[in-house]
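Structure first, commentary second.
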Amino acid sequence: MKKPIVLVIMDGVGRGDGGSGDAVKVANTPNLDKLFATCPYTWLKAHGTAVGLPSDDDMGNSEVGHNALGCGQVYSQGAKLVGESIENGTLFSSKTWKELVANCVDGGKAFHFLGLLSDGNVHSNISHLLSLLRAAKQAGVKKAYCHILLDGRDVPATSALEYVEQLENVLAELSTDGCDYAIASGGGRMAITMDRYEANWKMVEAGWNTHVHGQGRQFPSAKKAIETYRAENEGMIDQDLPAFVIARDGEPVAKIATGDSVVLFNFRGDRAQEISLAFDRAEFDKFDRGDYEGTLYAGMLEYDGDLKIPSRYLVEPPVITNTLTEVLCQAGIHEYALSETQKYGHVTYFWNGNRSGKVDEALEVYEEIPSDVIPFDQAPAMKAVEITDRMVEEMAGGKFEFLRCNFPNGDMVGHTGVMEAVITAMEYVDAGLGRIMEAADKYGYTLLITADHGNADQMTETKKGKTSVRTAHSLNPVPFIVYDKDLDVTFKEGEFGLANVAPTIVKLMDLQAPACWEESMI
């Protein structure tokens with residue numbers, strides 16, 4: 001191996017159009033500018049079929065992105081995996097689905113469906129929920145209730161009413177023959193339920209109290225709740241709307257009661273694990289669950305295979321083997337992985353093919369810098385300075401031959417839709433890059449810079465002549481840059497994706513890539 005390698009992942013940084021909504025371009029980024037002006041680079045596809053999603057209309061996300069970066073292969077993922085299972089019927093023939101249905105049909109329990117209500121295909125897809133509801137009705141389930149989390153992050157910022165209308169139409173269609181199918185509760189995804197990496201258990205507790213105990217402001221319909229909150233909170237987008245409970249005659253339509261069947265229909269794992277633990281674990285101490293004694297709970301997928309979260313799930317996960325970490329450990333390479341809480345799981349769990357823990361304890365060191373519990377637009381630096389400090393320290397130490405880190409700023413601040421904050425976030429990432437570039441020169445490293453998907457590069461969108469804030473990921477390609485004044489690199493011709501990164505790293509290390517991998521770009 002010529003030099004040890006550092007890989008920097010600028011989360012949510014793609015190639016925008018260079019206009020006023022492209023925060024990557026608008027920001028003052030002298031180090032990125034230098035890299036593009038002086039270094040060999042190419043652009044990688046980071047969405048759709050390149051990361052295992054159904055079509056190229058599907059935006060990429062951090063989970064499938066890091067899967068592809070870390071395993072050098074393309075697997076059916078998320079929406080595609082679930083969609084195939086629904087289409088071929090394996091979901092409905094699974095032991096778990098049959099148990100959930102029997103609990104309702106034979107045991108007289110209610111069936112609850114909890115999850116993100118949109119077609120963003122990042123955490124969930126409303127079409128999956130509608131398929132589950134129709135299958136439940138066909139199987140004889142009499143009572144089914146939806147606990148909806150509003151998106152406005154992976155879809156247009158104020159699009160919730162479109163999805164509510166679509167769901168309400170299907171619920172009305174199914175509420176015949178003595179059946180009661182209805183929306184029971186909801187709220188914005190960044191207000192309740194969908195925390196990740198244990199950054200804010202209060203969010204999960206708030207969702208628990210809403211869905212399980214029926215606590216919260218009551219409304220006659222989800223539409224009325226959304227319209228009221230928007231009127232009362234000017235400029236508030238869907239992801240931030242407060243919790244609400246749908247009531248009839250002053251009483252909640254449905255609470256999730258002990259013994260009921262519950263499905264979390266999200267397929268993405270990071271924001272599904274905490275609420276799954278609350279439902280699934282007999283021993284639980286993160287907050288007071290009240291008189292809860294357990295439900296028949298299942299996830300759409302197994303959100304963590306090693307920790308068995310949850311114990312029941314509807315769709316078997318892809319079995320990802322021959323990851324980059326496995327290849328490097330077999331070669332005796334010492335590795336270091338670093339990020340703050342918001343993306344720590346991405347450079348470890350997702351990077352290693354949805355595997356918790358290490359492949360080889362003797363060769364790997366993982367470090368998490370705790371994220372602040374504060375709206376990201378209020379602190380757009382996040383932990384970029386601390387991440388940079390630690391990377392430079394470890395580069396100086398010389399212990400590791402492969403180091404990787406993730407700067408979450410472009411993605412997490414990008415999701416807020418606050419352009420000024422995203423510009424500041426990009427400038428902090430750029431400053432970190434500059435220091436890591438200096439360390440690479442000083443200590444003798446090959447530095448690689450890439451991203452997992454776009455976001456900060458497209459902060460606005462124009463439809464029907466109207467420009468609005470965009471909070472979702474973009475479909476734009478992401479960079480792959482090689483910084484090493486001693487290395488002569490020429491990229492092959494062709495279209496490459498995130499899965500081509502691992503083979504390229506292995507080639508730079510003069511190691512043999514598994515036959516199942518994509519090709520190296522150099």
Side-chain angles (χ1 to χ4, degrees), residues 53-55 57-59 76-94 96-98 100-101 104-105 110-156 159-187 189 193-194 211 221-223 225-226 238 246 253-254 256 260-268 272 297-301 313-315:
L53 297 173
S55 77
D57 292 330
D58 297 317
M59 66 185 75
S76 290
Q77 293 277 8
K80 184 177 182 181
L81 186 65
V82 173
E84 290 171 350
S85 183
I86 289 173
E87 185 176 347
N88 62 32
T90 56
L91 186 156
F92 303 115
S93 62
S94 69
T96 297
W97 176 258
K98 291 179 179 178
L100 293 164
V101 168
C104 300
V105 175
F111 207 151
H112 300 267
F113 297 89
L114 167 64
L116 188 67
L117 189 72
S118 81
D119 58 1
N121 261 11
V122 175
H123 289 270
S124 67
N125 193 304
I126 187 174
S127 67
H128 300 159
L129 170 62
L130 301 183
S131 294
L132 296 181
L133 288 167
R134 290 189 171 110
K137 174 65 180 290
Q138 186 176 10
V141 174
K142 293 294 186 181
K143 298 177 292 183
Y145 304 103
C146 299
H147 304 265
I148 59 173
L149 303 169
L150 309 180
D151 195 345
R153 191 177 177 97
D154 301 322
V155 293
S159 57
L161 289 176
E162 300 172 21
Y163 301 108
V164 167
E165 181 180 10
Q166 188 177 349
L167 175 59
E168 290 280 24
N169 288 339
V170 172
L171 293 173
E173 163 197 323
L174 298 176
S175 291
T176 57
D177 306 318
C179 294
D180 186 19
Y181 280 56
I183 296 174
S185 71
R189 58 179 283 181
T193 310
M194 281 179 60
H211 312 312
S221 69
K223 179 181 178 182
I226 294 166
D238 294 341
I246 308 306
V253 164
I256 298 177
D260 282 348
S261 292
V262 183
V263 163
L264 180 61
F265 60 85
N266 287 6
F267 47 73
R268 176 166 146 176
Y297 177 84
M300 182 65 87
L301 295 173
Y313 49 94
L314 296 174
V315 179

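As the structure is a computational prediction, the values presented were derived from the model and not from experiment.
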Check: [Y] and [X] side chains under 4.5 Å, non-hydrogen atoms:
X      : Y      : value
His211 : Leu149 : yes
Phe92  : Leu314 : no
Tyr163 : Leu150 : no
Val263 : Leu100 : yes

Okay, side chain of [X], backbone of [Y]: is any donor-acceptor separation there less than 3.5 Å?
X      : Y      : result
Lys80  : Ser55  : no
Asn88  : Glu84  : yes
Ser85  : Thr90  : no
Ser94  : Leu91  : yes
Asn169 : Gln166 : no
Asp119 : Ile126 : no
Asp151 : Ser118 : no
Ser124 : Phe265 : no

Quick check: closest heavy atoms across [X] and [Y], and the distance to 0.1 Å?
X      : Y      : result
His147 : Ala254 : CE1-O, 3.9 Å
Val253 : Ala184 : CB-CA, 4.4 Å
Ala222 : Ile183 : CB-CD1, 4.0 Å
Tyr145 : Asp180 : OH-OD2, 2.9 Å
Phe267 : Leu301 : O-CD1, 3.0 Å
Leu133 : Ala144 : CD2-CB, 4.3 Å

Query - Glu173 with Lys137: basic N within carboxylate O range, under 4.0 Å - result: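 No salt bridge links Glu173 with Lys137.
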
Query raised in the report: Could Arg268 and Asp154 be called an ion pair, given the rule that one side-chain N must be under 4.0 Å from one carboxylate O?
Result: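 Salt bridge between Arg268 and Asp154, a charged N being under 4.0 Å from a carboxylate O: no.
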
**Report entry** Pair Arg153-His123, side-chain hydrogen bond (donor to acceptor under 3.5 Å, both in side chains): steps then yes or no
**Finding:** CA-CA 11 Å; Arg153 191 177 177 97; His123 289 270; over 6 Å; no

Any chance you could measure [X], atom [atom1], to [Y], atom [atom2], to the nearest 0.5 Å?
X      : Y      : atom1 : atom2 : result
Leu129 : Ile148 : CG    : CD1   : 9.5 Å
His112 : Ile256 : NE2   : CD1   : 5.5 Å
Tyr181 : Lys142 : OH    : NZ    : 8.5 Å
Ser159 : Leu117 : OG    : CG    : 9.5 Å
Thr193 : Leu116 : OG1   : CG    : 10.5 Å

Query raised in the report: Does the side chain to side chain contact (heavy atoms under 4.5 Å, CB included) test come out yes or no for Leu161 and Lys223, once each step is laid out?
Result: CA-CA 6 Å; Leu161 289 176; Lys223 179 181 178 182; 3.8 Å; yes

Requested in this report: Kindly determine whether Leu132 and Met300 satisfy side chain to side chain contact (heavy atoms under 4.5 Å, CB included), including the steps that lead there.
Outcome: CA-CA 10 Å; Leu132 296 181; Met300 182 65 87; 3.9 Å; yes

Requested in this report: With side chain to side chain contact (heavy atoms under 4.5 Å, CB included) as the test, would you mind laying out the steps for Leu53 and Asn121 before giving the verdict?
Outcome: CA-CA 9 Å; Leu53 297 173; Asn121 261 11; over 6 Å; no

